[in-house]
Amino acid sequence: MNQESMLERTLVLLKPCIVMRGLMGEIITRFERKGLRIVGMKMLQMDDELLRQHYSHLVSKPFFPILRDSMQASPVVAMCVEGLEAVRVVRAMAGVTNGRDAAVGTIRGDYSMSGQQNVVHASDSPLAAKEELARFFRPDEVFDFGDINLDVLYAADEVDRKA
Ligand code: UDP
Ligand code: MG
């Protein structure tokens with residue numbers, strides 16, 4: 001089995017800034033429109049421990065308390081997003097961290113003017129995606145869509161079918 005033909009899963013968080021702006025649907029629609037499959041989704045309030053784990057690489061930064069407050073300002077929406085090379089594709093869709101630098105056409109480029117209130121989190125590597133998905137979803141909260149609609153999303157030889 002070719003590694004490239006395996007569907008990959010990645011974590012997306014809709015941050016409080018976009019939840020509170022009432023624009024969750026617009027962002028969710030972008031992933032659906034692209035042809036990615038949302039195979040898990042829930043709303044949750046991030047507590048201090050989850051935040052420190054999720055942003056462990058930033059805990060010692062001076063801006064961490066501000067980041068923590070912004071991430072706890074409302075619930076977030078966590079999504080498990082599936083597709084071929086989903087980690088790389090979703091990062092590209094998100095754009096660079098600072099919304100003012102992000103290219104127009106990317107999510108951050110289209111919806112953010114901030115280096116912090118930047119709409120989405122997206123896992124930055126397949127390893128991070130695995131760890132982050134395990135942090136946000138129990139196994140029974142992520143669903144197997146099987147081969148449904150793969151024929152219209154991918155060429156016959158691009159993705160391994162179950163059968
Ligand atoms: N962040 C910030 N100031 C910084 C760097 C990051 O407020 O100087 C916030 C921002 O919301 C970013 C998050 O911390 O999305 C995680 O930072 P990371 O470097 O992992 O960026 P990302 O992977 O989200 O692009
Ligand atoms: Mg990151």
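Numbers for residues simply follow the sequence, beginning at 1. Start at 1 and go down the list; that is how both ligands and their atoms are numbered.
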Query raised in the report: Would you say M71 contacts ligand 1, with heavy atoms under 4.0 Å as the rule?
Result: no
Requested in this report: Report yes or no: does H54 have a heavy atom closer than 4.0 Å to ligand 1?
Outcome: no
Query raised in the report: Out of F64, Y55, F63, who gets a non-hydrogen atom closest to atom 13 (C) of ligand 1?
Result: Y55
Query raised in the report: For H121, is at least one N or O under 3.5 Å away from an N or O on ligand 1?
Result: no
Query raised in the report: Can you tell which part of I66 has a heavy atom less than 4.0 Å from ligand 1: side chain, backbone, both or neither?
Result: neither
Query raised in the report: Where is the nearest protein heavy atom to atom 23 (O) of ligand 1: which residue, which atom, and how far?
Result: R91 NH1, 2.8 Å
Query raised in the report: Touching ligand 1 at all, H57? Heavy atoms, strictly under 4.0 Å?
Result: yes
Report summary line: closest protein heavy atom to atom 21 (O) of ligand 1 is T97 OG1, 3.3 Å
Requested in this report: For L67 and ligand 1, answer yes if some heavy atom of the residue is under 4.0 Å from a ligand atom, otherwise no.
Outcome: yes
Report task. Could you tell me whether the side chain of L13 reaches within less than 4.5 Å of the side chain of H54, counting heavy atoms only? Result -> yes
Report task. Run the contact test for Q117 against ligand 1 with a 4.0 Å cut-off on heavy atoms, strictly below, and give the result. Result -> no
Requested in this report: Please confirm whether K42 makes a cation-pi placement over F137, using NZ or CZ under 6.0 Å from the six-membered ring centre and within 45° of the ring normal.
Outcome: yes
Report task. Around atom 24 (O) of ligand 1, find the nearest protein heavy atom and jot down its residue, atom name and distance. Result -> R108 NH2, 3.0 Å
Query raised in the report: Judged by atom type as modelled, is there a donor-acceptor pair below 3.5 Å linking the side chain of E82 to the main-chain atoms of R37?
Result: no
